[in-house]
Amino acid sequence: MEYRITERGTELTVGNCFDLRNTFECGQCFRWNEDTDSPVCSYTGIAKNKQLRIYRDGGVIVLEDCSREDFENIWKDYFDTDTVYDDIRKEIVELCPSLECAVQSIDGIRILAQEPWEALCSFIISQNNNIPRIKGIVSRLCENFGEPCGSGYSFPSAETISKLTPDDLAPLRAGFRARYIIDAAQKVADGRVSLEKMYDAPIEDCRKELMTITGVGAKVAECTLLYGLHRLDAFPVDVWMKKALSTTFNGLDISSLGRYAGIAQQYIFHYTRNL
DNA sequence: GCCCAGGTATAAA
DNA sequence: TTTATACATGGG
């Protein structure tokens with residue numbers, strides 16, 4: 001994707017291939033909040049220990065005060081600016097024409113390349129929970145155990161959380177998930193679960209390893225792989241997916257989508273949620 | 001008050 | 001292997 005550095009920051013010419021609201025509100029992330037006082041569509045969030053405001057101005061997306069260095073080192077990968085999602089959408093529909101309605105139900109979504117530990121931890125918190133409350137718990141996790149960063153706090157490392165007990169997490173009001181968070185932090189911190197290796201290991205091996213964590217099932221594993229490791233080939237084999245495929249799409253085999261099964265799943269999720 | 005949320009562990013059939 | 005239930009909490 002073309003970008004240029006201006007006095008405003010880094011500017012991306014995107015047309016309709018990057019919709020901030022669809023990207024940030026689709027349930028893939030919990031650390032971006034809309035700037036309600038802004039006259040244009042604008043969000044502020046923190047990733048990789050950097051705070052960023054990003055907003056739309058016509059056909060341009062502006063990363064406020066973002067240097068070339070920060071864009072190249074952080075946000076280029078995070079926003080996956082070199083992937084052409086319109087091409088992927090076309091390929092999904094070619095492979096599975098019955099998914100056209102799902103693909104067209106939402107546009108401009110980009111799959112963020114979040115940090116693996118943050119994604120794992122966030123989706124452990126997400127289980128049997130709603131998005132506003134998930135965001136609240138994640139926010140309190142950062143305020144209590146993260147480092148000051150811009151006007152907020154960074155996401156605490158697995159090493160930091162691994163030294164705590166479920167009682168220490170009481171201020172989060174995460175309920176039964178507190179012990180899951182600790183178990184995940186300990187396994188990641190001591191290497192029993194190696195997130196770094198999951199960027200290119202066989203997807204089934206990754207899923208298995210993640211599911212050794214208490215509180216991590218097929219769904220949390222899939223979300224971790226898709227959103228935290230940017231494994232676009234990840235797809236869930238859980239109850240929700242089976243249900244969506246059997247009722248709405250009548251037996252469609254999503255695994256035939258191969259390397260784009262994960263993205264297809266995102267469209268299916270959005271479509272079935274809004275039926 | 002009541003229902004339920006991007007699920008999973010656990011027990012029981 | 002499949003199915004039922006509890007789980008902590010609080011948003012709507």
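Note on naming: letters A, B, ... go to the chains in the order of the sequence lines (proteins, then strands), and numbering restarts at 1 for each one. As a basis for the values below, the full set of heavy atoms in this structure was taken, side chains included, without hydrogen atoms, waters or symmetry mates.
The main-chain N or O of A:L112 is found under 3.5 Å from a side-chain atom of A:Q28 such that the two form a donor-acceptor pair. Between the side chain of A:Q51 and the backbone N or O of A:S151 there is at least one donor-acceptor pair closer than 3.5 Å.
The side chain to side chain donor-acceptor pair (under 3.5 Å) analysis of residues 175-186 of chain A, with sequence neighbours excluded, yields the pairs A:D183-A:K187, A:D183-A:T214.
Remark: P of C:dA6 and CG of A:N128 are 13 Å apart, rounded to the nearest angstrom. Put simply, CZ on A:R179 is 14 Å from P on C:dT9, counting in whole angstrom units. Put simply, CD1 on A:I134 is 14 Å from C1' on C:dA8, counting in whole angstrom units.
Within residues 20-36 of chain A, the residues that have a heavy atom under 4.0 Å from DNA chain B are, in order of number, A:C26, A:G27. Proximity of residues 103-112 of chain A to DNA chain C (heavy atom under 4.0 angstrom from any strand atom) is not detected for any residue. A heavy atom closer than 4.0 Å to some atom of DNA chain B occurs in no member of residues 162-174 of chain A.
Listed nucleotides C:dG10, C:dG12, C:dA8 differ in distance to A:P132; the shortest reach to its side chain belongs to C:dG12.
For the salt bridge (Lys or Arg N to Asp or Glu O under 4.0 Å) test, residues two or more places apart in sequence or in another chain that qualify with A:R192 are A:D190. Under the side-chain hydrogen bond (donor to acceptor under 3.5 Å, both in side chains) criterion, A:E25 pairs with A:Y43, sequence neighbours left out. Scanning for side-chain hydrogen bond (donor to acceptor under 3.5 Å, both in side chains) contacts around A:S38 gives A:R53, with sequence neighbours left out. The side-chain hydrogen bond (donor to acceptor under 3.5 Å, both in side chains) check on A:D86 picks up nothing, with sequence neighbours excluded. In terms of the side-chain hydrogen bond (donor to acceptor under 3.5 Å, both in side chains) criterion, A:R173 has no residue partners (sequence neighbours excluded). A:Y267 meets the ring-ring contact (aromatic ring centres under 6.0 Å, His included) test with no other residue; sequence neighbours excluded.
Here chain A contacts DNA chain B (any atom closer than 4.0 Å to a heavy atom, that is under 4.0 Å), and the contacts span B:dA5 to B:dA9 from 5' to 3'.
Here A:I137 lies out of heavy-atom contact (under 4.0 Å) with every strand. Here A:E222 lies out of heavy-atom contact (under 4.0 Å) with every strand. Counting non-hydrogen atoms under 4.0 angstrom, A:A218 reaches the backbone sugars and phosphates but no base.
Checked for salt-bridge contact, A:R8 and A:D57 meet the test: a charged N lies under 4.0 Å from a carboxylate O.
Each of A:Y180 and A:N130 was assigned the nucleotide of DNA chain C with the nearest heavy atom; the assignment lying further toward the 5' end belongs to A:Y180. Map A:Y227 and A:M211 each onto its nearest nucleotide of DNA chain B; the residue landing nearer the 5' end is A:Y227.
Counting only N and O atoms by type, the side chains of A:D107 and A:Y85 include no donor and acceptor under 3.5 Å apart.
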Extract all donor-acceptor atom pairs below 3.5 Å that involve side chains of residues 215-228 of chain A and protein atoms in other chains or at least two apart in sequence.
from   : atom 1 : to     : atom 2 : distance (Å)
A:E222 : OE2    : A:Q265 : NE2    : 3.0
A:T224 : OG1    : A:V220 : O      : 2.8
A:Y227 : OH     : A:Q266 : OE1    : 2.3

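B:dG6 and C:dA4 are spaced 23 Å apart, taking the P atom of each and rounding to whole Å. Here the separation of C:dA8 from B:dA11, taken at their P atoms, is 14 Å to the nearest Å.
Using cut-offs of 30° and 60° on the angle between ring planes, the pair A:W32 and A:F24 is parallel.
Under 3.5 Å, the side chain of A:N129 and the base of C:dA8 form no donor-acceptor pair of N or O atoms.
Figure legend: cation-pi geometry between A:R110 and A:F18, with NZ or CZ positioned under 6.0 Å from the six-membered ring centre and within 45° of its axis.
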